[in-house]
Amino acid sequence: FTDKPEDYLAAVDVLCLPSYREGFGNVVIEAAACGVPAIGSDVYGLSDAVKHNETGLLYSVGDVDALARAISQMVDDEYREKLGNAAFSRVEKYFSKERVVEAWLSFYGSLL
């Protein structure tokens with residue numbers, strides 16, 4: 001446990017989340033906020049958090065060879081940095097604190 005996950009995320013080059021099923025994938029957004037691209041399986045939730053070949057890479061669930069290829073692609077510093085920068089920009093645009101709070105307030109308001 002840590003109350004400063006950003007310290008750990010800032011120390012990594014890539015986040016890899018090879019899930020068979022996943023909720024939204026908050027950790028992908030947290031990594032993106034640190035400029036870290038993600039590799040994830042193409043499942044509901046992760047496919048919403050990762051934009052393939054834009055903010056990270058997605059691969060078919062259970063396809064170990066595709067996962068290995070995705071990891072190999074991330075060895076390229078320039079490519080990885082491009083994806084990380086795009087991931088950061090996407091977080092700023094769509095997942096700012098203000099935007100998330102506004103969405104929750106709207107959702108709760110719709111329940112009344």
Side-chain angles (χ1 to χ4, degrees):
F1 175 81
T2 180
D3 59 354
K4 292 190 172 250
E6 64 275 11
D7 291 347
Y8 293 93
L9 290 170
V12 302
D13 294 320
V14 176
L15 173 77
C16 186
L17 191 56
S19 297
Y20 280 87
R21 59 184 164 273
E22 192 69 40
F24 176 67
N26 283 330
V27 69
V28 172
I29 300 304
E30 292 168 348
C34 295
V36 175
I39 298 171
S41 42
D42 194 3
V43 295
Y44 176 81
L46 290 183
S47 61
D48 296 316
V50 177
K51 295 300 173 194
H52 181 68
N53 208 28
E54 182 182 325
T55 65
L57 298 172
L58 295 169
Y59 69 95
S60 295
V61 174
D63 187 343
V64 176
D65 292 331
L67 172 57
R69 285 191 300 276
I71 292 169
S72 293
Q73 282 182 264
M74 291 292 190
V75 171
D76 182 324
D77 292 337
E78 199 171 300
Y79 179 69
R80 189 178 62 247
E81 186 174 322
K82 175 185 153 197
L83 294 181
N85 289 338
F88 180 81
S89 294
R90 184 168 184 265
V91 166
E92 279 191 316
K93 184 174 183 179
Y94 296 108
F95 300 100
S96 68
K97 176 176 56 176
E98 294 78 16
R99 188 159 182 169
V100 171
V101 167
E102 180 182 312
W104 277 114
L105 290 174
S106 175
F107 170 74
Y108 287 127
S110 73
L111 298 176
L112 300 175

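Residues take their numbers from the sequence shown, with the count starting at 1.
- Interatomic distance, I39 CD1 to S41 OG, rounded to the nearest 0.5 Å: 11.0 Å.
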Problem - Criterion side chain to side chain contact (heavy atoms under 4.5 Å, CB included) on T2 and D7, from CA distance to verdict - result: CA-CA 9 Å; T2 180; D7 291 347; 5.9 Å; no
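- By the neighbour-count criterion of 12 heavy atoms within 6.0 Å, atom CD of E6 is densely surrounded, having more than that number from other residues, nucleotides or ligands.
- Both V91 and F24 are assigned to one and the same hydrophobic cluster, defined by single-linkage of ILVMFWY side chains at heavy-atom distances under 4.5 Å.
- Counted within 6.0 Å of OH on Y8, heavy atoms from surrounding residues, nucleotides or ligands total 12 or fewer; the atom is thus considered open.
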Practice task
Before giving the answer on side chain to side chain contact (heavy atoms under 4.5 Å, CB included), spell out for Y94 and I29 the whole-Å C-alpha distance, their side-chain angles and the decisive distance to 0.1 Å.
Solution key: CA-CA 10 Å; Y94 296 108; I29 300 304; over 6 Å; no
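- Using a 4.5 Å heavy-atom cutoff, the side chains of I71 and Y59 are not in contact.
- Note that NZ of K82 is 10.0 Å distant from CG of D76, once rounded to the nearest 0.5 Å.
- Cluster membership for L105 and V100, using ILVMFWY side-chain heavy atoms within less than 4.5 angstrom, is not shared.
- Side chain of R90 to backbone of V50: no donor-acceptor contact under 3.5 angstrom is found.
- Counting heavy atoms from C-beta outward, V43 and Y20 have side chains that stay 4.5 Å or more apart.
- In terms of modelled atom types and a separation under 3.5 Å, the side chain of R80 and the main chain of P37 share no donor-acceptor contact.
- Using a 4.5 Å heavy-atom threshold, the side chains of Y108 and L111 count as touching.
- For the pair M74/L57, a side-chain contact is recorded, criterion being any heavy-atom separation below 4.5 Å from C-beta on.
- Minimum heavy-atom separation, L67 to C16: CD1-SG, 3.8 Å.
- For Y44, the OH atom is loosely surrounded, since the number of other residues' heavy atoms within 6.0 Å does not exceed 12.
- The backbone N or O of D42 sits nowhere less than 3.5 Å from a side-chain atom of S47 that would complete a donor-acceptor pair.
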Exercise for the section: Could you give me the CA-CA distance, side-chain angles and deciding distance for C34 and V12, then say whether side chain to side chain contact (heavy atoms under 4.5 Å, CB included) is met? Expected result: CA-CA 10 Å; C34 295; V12 302; over 6 Å; no
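- Cluster membership check: L46 shares its hydrophobic cluster with V61, using side-chain heavy-atom separations under 4.5 Å among Ile, Leu, Val, Met, Phe, Trp and Tyr.
- Side-chain contact check for V27 versus P5: every heavy-atom pair is 4.5 Å or farther apart.
- Under a 3.5 Å cut-off, the side chain of S106 and the backbone N or O of E102 do not form any donor-acceptor pair.
- Between A31 and L9, the shortest heavy-atom distance links the atoms N-CD1, 3.8 Å.
- Closest non-hydrogen pair, L58 versus H52, comes out as N-ND1, 3.0 Å.
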